[in-house]
Structures are given as structure tokens and as C-alpha cells.
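Each remark here refers to the structure printed beneath this line.
Residue numbers run from 1 in the order of the sequence given. Atom set for the values below is all heavy atoms of this structure, side chains included, hydrogens, waters and symmetry mates excluded.
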Amino acid sequence: MDLIQGIKERRSVRKFKDTPIPREIIREIVEIASYAPSWKNTQTARYIVVDDKELLKKIATEECMMGFAHNVTIIAKAPALVIQTIVKGRSGYEKDGSFSTSKEDKWEVFDAGIAAQTFCLGAHAKGLGTVIMGIFDEKKIGEIIELPQGQQIAALIAIGYPDEKPKAPARKTPEELLTFL
């Protein structure tokens, strides 16, 4: 798949076929995502894959999704959920613990976003659909999955074989997005 074509064709998929994803394919996608750039090559993104149906049911609740029913439905019907985490205190920091940038600890989330999009593009290239979700109760999900110490949940990514082909939403023109000085 051509890179530009993949970027333009990748969509947020919210409906999946009830087909398990081979773990080897997810491993390949994580390998692709490992090439995402990060602050001083800190590579702080981590991926916890939940493909156990009982564990997915525990996460796909109104409580864990902060009352956002749409995410409950997506997770309940997805064959797997990727919980993207970041290793805290590395991205955007110097070795002495001080910040390298005025963005302070927010740089961690910037790196997580780059890694999440790279993961989703890798999944798209492998014929899988994804949707990145940000409405969730990090503490409750962290307890359910026994989040490793020193990590923080950055995003949830539902993944599976698409059972829909969403149309591209309208895009702003370069003139609306671009300023030359």
C-alpha cells in the first residue's frame, strides 16, 4: 500500500466482524508502531491487548466509559482492545528530571498520539480497522488490567476486521489550514 494512499484511506472503524485477530498480526502492527518518532527516541508507548471476552466485558461498561454509551458498544463488539500506555516521566524530560520544553509533561501525550496513529496506519495496512477512543476512566481500567507501575493509559484503540466502510468526512482545504509568514 502506498503511504499517502494509506493515510488518505484510513478511517475510524466502529463496527467489526466477529473474527479473532491472530496475535502474530498484532505483534507485527506493534513492530510497525515502534518506528514512530519520539522525544529523544525514548519510545515510551506500550500496548496492552485485551482479547479475552470476559475481560472485554469488564471494560465495556458505562462506569469504565464514564457514561459514554457509544464507546461501551464499540468495545463490547470489538474482537480486541488495545490499551495504549506511556511510560511516565521520560518523554520531554532531561535525565535530572527537569523538563526540556515549555510543554512540560504534555510532550508524553504528543508522543503517544504519534505512536497511536502509526499503530492505526499499520493496522490499516494489515486489513484491520481501528478507532482511537479518549473517553474512559483511567483509574478503573487500570485496576481491571492491573496497569504496570510507572505507566499511564494514553488511549484505547478498538481493533478488528472492519464490518463497515466509513466515508471520508469533509476535510478543510490547505488554505484554511496553512499560514505562511
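- Screening residues 58-70 for side-chain hydrogen bond (donor to acceptor under 3.5 Å, both in side chains), with sequence neighbours left out, gives no hits.
- Here the shortest heavy-atom pairing between I114 and P37 reads CG2-CD, 3.6 Å.
- We find the CD1-CG distance between I159 and L128 to be 5.0 Å, quoted to the nearest 0.5 Å.
- For the residue pair E31 / S34, no side-chain donor-acceptor distance below 3.5 Å is found, with atom types taken as modelled.
- For E175, there are no salt bridge (charged side-chain N to carboxylate O under 4.0 Å, His left out) partners at least two apart in sequence or on another chain.
- The salt bridge (charged side-chain N to carboxylate O under 4.0 Å, His left out) contacts involving residues 142-160 comprise nothing, where partners must be two or more places apart or lie in separate chains.
- For the salt bridge (charged side-chain N to carboxylate O under 4.0 Å, His left out) condition, no pair includes a residue of residues 159-169, sequence neighbours left out.
- To the nearest 0.5 Å, the span separating CG on L147 from CD1 on I83 amounts to 8.5 Å.
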Pair up each side-chain donor or acceptor in residues 129-140 with any protein partner under 3.5 Å, not counting sequence neighbours, and list the distances.
from: T130; atom 1: OG1; to: R10; atom 2: NH2; distance (Å): 3.0
from: D137; atom 1: OD1; to: K139; atom 2: N; distance (Å): 3.0
from: D137; atom 1: OD1; to: K140; atom 2: N; distance (Å): 2.9
from: D137; atom 1: OD2; to: K140; atom 2: NZ; distance (Å): 3.2
from: E138; atom 1: OE2; to: I153; atom 2: N; distance (Å): 3.0

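- For K40, the salt bridge (charged side-chain N to carboxylate O under 4.0 Å, His left out) partners are E94, not counting sequence neighbours.
- The salt bridge (charged side-chain N to carboxylate O under 4.0 Å, His left out) analysis of residues 100-123, with sequence neighbours excluded, yields the pairs K88-E108.
- Heavy-atom minimum distance, A112 versus A154: CB-CB, 3.7 Å.
- Linking ILVMFWY side-chain heavy atoms closer than 4.5 Å, directly or via other members, places V13 and I157 in two distinct hydrophobic clusters.
- The OG1 atom of T44 sits 10.5 Å away from atom OH of Y93, with the distance rounded to the nearest 0.5 Å.
- Within the model, atoms CD1 of I29 and CG of L121 stand 11.0 Å from one another, a figure rounded to the nearest 0.5 Å.
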Would you be so kind as to tabulate the donor-acceptor pairs closer than 3.5 Å made by side chains of residues 48-56, with sequence neighbours excluded?
from: D51; atom 1: OD1; to: R23; atom 2: NH2; distance (Å): 2.8
from: D51; atom 1: OD2; to: R23; atom 2: NE; distance (Å): 2.9
from: D51; atom 1: OD2; to: R23; atom 2: NH2; distance (Å): 3.3
from: D52; atom 1: OD2; to: E54; atom 2: N; distance (Å): 3.2
from: D52; atom 1: OD2; to: L55; atom 2: N; distance (Å): 2.9

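- Residues passing the ring-ring contact (aromatic ring centres under 6.0 Å, His included) test with F68, sequence neighbours excluded: none.
- Minimum interatomic distance between P162 and G127 (heavy atoms only, all atoms of both residues): CD-O, 3.5 Å.
- Residue pairs meeting the salt bridge (charged side-chain N to carboxylate O under 4.0 Å, His left out) criterion with at least one member in residues 122-133, sequence neighbours excluded: E28-K126.
- For the pair V30 and R27, the minimum side-chain heavy-atom distance is 4.5 Å or more.
- For the atom pair CZ of R14 and CG of N71, the computed distance is 8.5 Å after rounding to the nearest 0.5 Å.
- For residues 141-181, no residue pair satisfies the ring-ring contact (aromatic ring centres under 6.0 Å, His included) rule, not counting sequence neighbours.
- In this structure, H124 NE2 and I32 CD1 are separated by 12.0 Å, a value rounded to the nearest 0.5 Å.
- Counting only residues at least two apart or on different chains, the ring-ring contact (aromatic ring centres under 6.0 Å, His included) pairs with a member in residues 24-47 are W39-W107, Y47-F119.
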